[in-house]
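Counting starts at 1 for both ligands and their atoms, in listed order.
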Amino acid sequence: MTFKEFGLDESLLEGIEASGYENATPIQEQVIPLILEGKDIIASAQTGTGKTAAFLLPIINKLIASRIDDQVNALVIVPTRELAIQIAQNLEGLSYFTPISSIAVYGGGDGSNFTTEKQALSRGADVVICTPGRMIAHLNMGYVRLKGLQYLVLDEADRMLDMGFYDDIMKIISFLPHKRQNLLFSATMPVKIRELAKKILHDPAEINIAISKPPAKIVQQAFVVYETQKIPLIKWLLKSVDHFKSILIFCSKKHNVKQLTGDLRRARFNAKEIHSDLDQSAREEVLLEFRSRRLQILVATDILSRGIDIDNIDLVINYDVPNDGEDYVHRIGRTARAETDGMAYTFISEKEQNKFNTIEQLIGAPVPKVPVPEQFGPAPEYNPRKGRRSGGGGGGGHRRFHPQHQHQRKNNKQNNTGGKGPRNPGQQG
Ligand code: AMP
């Protein structure tokens, strides 16, 4: 769905375009029309879903028509100054071509910040993004112009309660006019959030956006290894699938991308690297080679994991564990585009076990672990977080690694490997 379809003001559409947004994210699709209608909202959504723009865009759009000049028109309460700054920046970009003004009000900094905030709050600012303690300090002085307030947003409400801000939030609300639209966003929905919602919201619409899950058709497996086993294992793995035309390998760090690509090239693999040290034309050239299948193996940092659409990647290998669940989903989502199935392997070193376990919890399923072939020596147990059974909490049972099975499942459910059938990896290593 495009942003035009929401019927947003032209000046706002310009800001959206300049921010590089093309289509609405799922939460934006659900939330924006409801906010435009005037509904109160309770939404469970995590960072990374586009939730900020989901509430900023309709608020800005409505304020273009209804802002009261010398008042605070909208108040966004957030747990941390970092989030306040981030939202203010996001808002600045989106509202750039509109007449909407805004300010972030947060603790720390020097006295000059306080004076600037005081001036803005006593003259009126269309959207104020604040942390609770600092806002109360201003409210207690009596100059904040809140009579015209139309919108209240509580962002990351669960985190605010965890940080002990309940009383502060209620105190801030006691200064606000009763008639207003209320929007509550929270990553989780424990009972205390529901109770807070009951106190603040009027007949809210409830929206649930779960974290994106990897498409079910991607065959995911993981090798639990020592860091030193990664290089020999990836060479072995690549040899066992050397009939694959397009293989994408992700590393979290540029340094690892360069080192691994060097190692693979010395072992005569048809591999090249892509990362932010390459200039735009070099990147485009590598991508072109990869897309046209002249280049078999592309080793990349996460710059490739989001958005870039390359069809028919046979295999994604996470040479290291990505930083969060979203990155994992984006990385492995490069395979299994459109109608094709895909495969993804992740190498988990001892240090990365906890991180991977967190990802498994986020995506809601353990990724099957396959044993490291004996020729590479003993491998570590999968035992993330103390006290868990090996393989538990993320085990998913051990399976034998056998690309042939995976490939047949991947390529064609009617057992037609189309002449691309893999060889037995055991004969290759
Ligand atoms: P958030 O979940 O609000 O923290 O947003 C996560 C990131 O997605 C931010 O960098 C936003 O600027 C970006 N973003 C939000 N909405 C869109 C969209 N419709 N298209 C592309 N990027 C977006």
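- Geometrically, ligand 1 and Gln28 share a nitrogen or oxygen pair separated by less than 3.5 Å.
- Phe114 pairs by the ring pair (Phe, Tyr, Trp, His ring centres under 6.0 Å) definition with His138, not counting sequence neighbours.
- Of all the atoms in ligand 1, the ones that sit under 4.0 Å from a non-hydrogen atom of Asn23 are 18 (C), 19 (N), 20 (N).
- Within a 6.0 Å sphere centred on CD of Glu17, other residues, nucleotides and ligands contribute 12 heavy atoms or fewer.
- Checked by atom type, the side-chain pair Asp40/Asn182 shows a donor-acceptor distance below 3.5 Å.
- Comparing Phe3, Tyr21, Phe185 against atom 22 (N) of ligand 1, the shortest heavy-atom distance belongs to Tyr21.
- Side-chain contact, Asp314 with Ser246: no donor N or O sits under 3.5 Å from an acceptor N or O.
- Under a 4.0 Å criterion applied to the non-hydrogen atoms of Thr52, ligand 1 contributes the atoms 1 (P), 3 (O), 4 (O).
- Ligand 1 does not have Ile27 within reach: every non-hydrogen atom of the residue lies 4.0 Å or more from it.
- By the 3.5 Å distance cut-off applied to N or O atoms, Gly50 is counted among the residues near ligand 1.
- Remark: Pro58 engages Ile32, Ile35, Leu36 in a side chain to side chain contact (heavy atoms under 4.5 Å, CB included) (not counting sequence neighbours).
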